[in-house]
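Input: a single structure, listed below in structure tokens.
Just so you know, these numbers use all the heavy atoms, side chains as well, and skip hydrogens, waters and symmetry mates.
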Amino acid sequence: MKINQKCINTARILSAEMINRANSGHTGVALGAAPILYALFKDHYNFYSSKYINRDRFVLSAGHASALYYSCLHLFGFDVSMEDLKNFRKLGSKTPGHPEYDVTDGVETSTGPLGQGVANAVGLALAQKTLAERFNVQKFNIIDNYTYCFVGDGCLMEGVAQEACSFAGNLKLNKLILLYDCNQITIDGKLNVANTESVKGKFKAMGWNVITVSNGNSYLCITKAISRAKKSKNKPTIIIFKTQIGYGSVYAGSNEIHGKALTDEELAKLRQNLGVEGGFKVDEDVKEYCYRAHRRAKVEYFKWEKQVVLYKNTHPDLCQQFFDYFNRPKLNLQKLCKGKFTENMAMRDANHVVINQVAKNLVSFMGGTADVAPSTKVYIDDGGDFSSSNYRGRNIHYGVREHAMAAISNGISLYANSSVFCSTFLSFSNYALPAIRMSALMNLPVMYIFTHDSIIVGEDGPTHQPVEQLTQLRAIPNLTVYRPADTNELMAVYSLAYENKKPSAFIIAKQALPEIPTSFEGATCGAYVLAEDEKPEVIMFASGSEVGLAMKAKETLNKDGISAVIVSVPSIEVFERQPEKFKKSILKHEIKNRFCIEASNDYKWLNVFGGKLFGVTSFGASGKGKDVLKFMNYEPKDLVKFIKNSLKNE
């Protein structure tokens, strides 16, 4: 047996043994796609260190192929031991069921939900382009890495992948290469029971270079195809590898092998068919041959380091800008925004001011909207538009692709752990939720900016008037939701998000909000006492536009002899992270009549603050914003009535 084939079969057996030992996993893809990953790792993938900014990026979008991925990581010199392989899918192991970011050496992003990895790869390729455009000069290609993404039939059926691929084709991201394991089998059976489209035709129509490899089991054919793909000058490339799921097993070509662990007897038969002894052993010749790729990558890394030294000597200013790009300077948004807000300024316009101040001081800050920049006002002035003719642009036009926008933002952030923003209306956050969840899972500093934040949106009607979206966003672990009541709180919550370097969702009103005596310092605690009467009977907790609603209601209550406290809550999550002593001072449990006020149906308020929710529990209506508020009984007089009725019933 030739050494390349022996290495491939070793990866196959290791993968099958891992799955057999765990009695859980996906044997089919591991056996069928082993030659693809082997050829990539051996001949092309420049992977020396995760701290090496110019390393190639590899994304396993078909994350269920993790056993094969870990086998290759082990064979090619990553910090994945044989013991790690044996612990596949065990709690606390470095080899979890699907790849997880910041858990396993070499894993660039968490994957598993099909299609997400494709969009992540597009984001990684986009980030590569913008850095190359900014810092590469003649004879010095400081940033010239490739992004490889392994996909299966399932990935390419997902809408997020199609959105992202259409976007990538339009931008001509030529250093992006999809490796398509085309085995024509899904869990339910043959692919044609659900999908009969021409992938080749579809990708050509989207502006991609398409290469077909009819023998996806041939190492030579695979590596030659990848070499061809790397030569593409103005198009991303998809390589369609015709493979057989479960190759070498008794279930080869059948959907039965997709998520099946082979029995001991079936595994023994596989070893016999592939001519590899197995038993979690790797022969010395295989170890040595695979390790050559690690040495190759090491040589490339040291070449790059020498190039950077020369670059620094010949282009010192540009080199300093390159290093500064990855720095995160401290920001004083109160100082930077001073004098830039106008009277009665709409909150979305005020938000525009703040993000532009961030952008002026954080050169890596970039992002875009899902075709709503004129409405959300989320745009970097003088930042230029990112396009195939201007990779230096900082404003990304995603088109009407909310899901891909969010998942691509994750990829951009992953490239250098940089802050990135994306924006649409709050009601359309639903389209992006799966990718927002992945931001939170990986703790990526992506800023989601959602405007048009309540039923006051008005004329566009209930389809555009959010009700349940805040509930959904606040339910996502690690995501911090901010809903500021004015410009003071707006600056405060951006300061928090900037310093925390974690995913955040900003809920921004479309309209101007009433001027109230808010506190920047108080807002940084997530909640603070905004107004307080002596011997209060009532305490009101409110966020965003409803803080003004509560203040107006308090005026009426005071006239009627009812004293009250108002607590502004720009972020429940930030408040929950405060010390217990501080929280008790804000919660004021001695006040029995407690009311939470927000134009949503989020009952998390009651879990944190107690009392009753004056919220919105039905869909809105089409009409002018003020008329909708009146129709929905959501005016100050309605809040006063709600409170008084509650007091009567005590």
Side-chain angles (χ1 to χ4, degrees), residues 1-21 25-45 47 58 60 65-78 80-86 88 95 106 148 150 179 181 183 213-227 239 241-253 257 262 264-298:
M1 187 188 304
K2 291 183 178 180
I3 186 62
N4 283 312
Q5 192 62 53
K6 186 176 181 181
C7 293
I8 291 166
N9 287 354
T10 297
R12 283 170 164 151
I13 293 299
L14 276 176
S15 304
E17 288 177 337
M18 290 163 61
I19 297 164
N20 166 267
R21 186 183 180 94
H26 300 78
T27 308
V29 65
L31 298 179
I36 301 172
L37 261 63
Y38 171 76
L40 174 69
F41 275 66
K42 178 184 174 293
D43 297 334
H44 305 283
Y45 184 31
F47 55 77
F58 173 68
L60 190 80
S66 58
L68 174 61
Y69 190 14
Y70 301 143
S71 295
C72 288
L73 291 174
H74 172 73
L75 290 172
F76 286 94
F78 289 81
V80 178
S81 68
M82 187 63 78
E83 195 63 27
D84 292 327
L85 300 188
K86 291 178 180 178
F88 178 56
T95 49
Y148 301 99
F150 178 83
L179 309 170
D181 173 35
N183 61 39
V213 177
S214 58
N215 183 3
N217 195 42
S218 167
Y219 153 73
L220 283 176
C221 292
I222 293 166
T223 195
K224 287 179 181 178
I226 296 173
S227 293
I239 310 175
F241 298 106
K242 302 288 186 178
T243 63
Q244 183 184 52
I245 192 170
Y247 179 88
S249 75
V250 294
Y251 301 101
I257 191 61
L262 295 178
D264 291 343
E265 292 76 15
E266 291 163 348
L267 185 56
K269 181 66 174 175
L270 178 67
R271 292 189 189 109
Q272 183 181 342
N273 290 345
L274 297 181
V276 175
E277 182 182 350
F280 284 102
K281 294 178 182 177
V282 178
D283 290 345
E284 287 301 320
D285 57 342
V286 171
K287 285 182 184 178
E288 174 59 28
Y289 198 70
C290 290
Y291 202 73
R292 290 181 185 179
H294 183 81
R295 287 196 290 266
R296 168 183 55 78
K298 186 175 182 179

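For the atom pair Leu75 CG and Tyr291 OH, the distance stands at 13.0 Å (nearest 0.5 Å). Taking CZ of Arg295 as the start and SG of Cys290 as the end, the distance is 11.0 Å to the nearest 0.5 Å. Annotation: the span from Ile239 atom CD1 to Cys221 atom SG amounts to 12.0 Å, rounded to 0.5 Å. Residue Leu274 holds its CG atom at 7.5 Å from CE of Met1, rounded to the nearest 0.5 Å. Between Ile8 atom CD1 and Ser71 atom OG the span is 13.0 Å, to the nearest 0.5 Å. For the atom pair CG of Asp285 and SG of Cys7, the computed distance is 7.0 Å after rounding to the nearest 0.5 Å.
Contact of the Leu262 side chain with the Ile19 side chain is not registered, since no non-hydrogen atoms from C-beta on lie closer than 4.5 Å. Contact of the Ile226 side chain with the Leu179 side chain is registered, since non-hydrogen atoms from C-beta on lie closer than 4.5 Å. Counting heavy atoms from C-beta on, the side chains of Phe280 and Met18 come closer than 4.5 Å. At least one side-chain heavy atom of Leu60 sits less than 4.5 Å from a side-chain heavy atom of Phe150. Annotation: side chain of Val250 is not in contact with side chain of Ile257 (no heavy-atom distance under 4.5 Å). By the 4.5 Å heavy-atom criterion applied to side chains, Phe88 and Tyr70 are counted as neighbours.
Residue Ile13 comes nearest to Gly278 through the heavy atom pair CG2-CA, 3.8 Å, listed as atom of the first residue, atom of the second, then distance. Minimum interatomic distance between Leu73 and Gly106 (heavy atoms only, all atoms of both residues): CD2-CA, 4.4 Å. Smallest separation of non-hydrogen atoms from Val213 and Ala225: CG2-CB, 3.5 Å. What you find for His74 and Met82 is that their closest heavy atoms are CE1-N, 3.5 Å. Nearest heavy-atom pair across Arg296 and Lys42 is NH2-O, 3.1 Å. A pairwise comparison of heavy atoms in Ala11 and Leu68 identifies CB-CD1, 4.3 Å as the closest pair.
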**Report entry** Test side chain to side chain contact (heavy atoms under 4.5 Å, CB included) applied to Tyr251 and Ile245, step by step
**Finding:** CA-CA 8 Å; Tyr251 301 101; Ile245 192 170; over 6 Å; no
Requested in this report: For Asp283 and Thr10, run side chain to side chain contact (heavy atoms under 4.5 Å, CB included): C-alpha distance rounded to whole Å, both residues' side-chain angles, the deciding distance at 0.1 Å, then the answer.
Outcome: CA-CA 9 Å; Asp283 290 345; Thr10 297; over 6 Å; no
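A side-chain donor-acceptor contact under 3.5 Å links Asp84 to the backbone of Ser81.
A ring pair (Phe, Tyr, Trp, His ring centres under 6.0 Å) with Phe58 is found for exactly one of Phe76, Phe47, Tyr69, namely Tyr69.
Under a cut-off of 6.0 angstrom, the local environment of NZ in Lys224 is sparse, with at most 12 non-hydrogen atoms contributed by other residues, nucleotides or ligands.
Checked by atom type, the side-chain pair Tyr247/Asn183 shows no donor-acceptor distance below 3.5 Å. Tyr289 and Lys6 share no side-chain donor-acceptor pair at under 3.5 Å.
Salt bridge absent: Glu266 and Lys269 never bring a charged side-chain N and a carboxylate O closer than 4.0 Å.
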Which pairs would a plain distance check flag for residues 26-38, meaning a side-chain donor or acceptor within less than 3.5 Å of a matching protein atom at least two apart in sequence or in another chain?
| residue | atom | partner | partner atom | Å |
| --- | --- | --- | --- | --- |
| Thr27 | OG1 | Lys260 | O | 2.5 |
| Tyr38 | OH | Asn4 | OD1 | 2.7 |

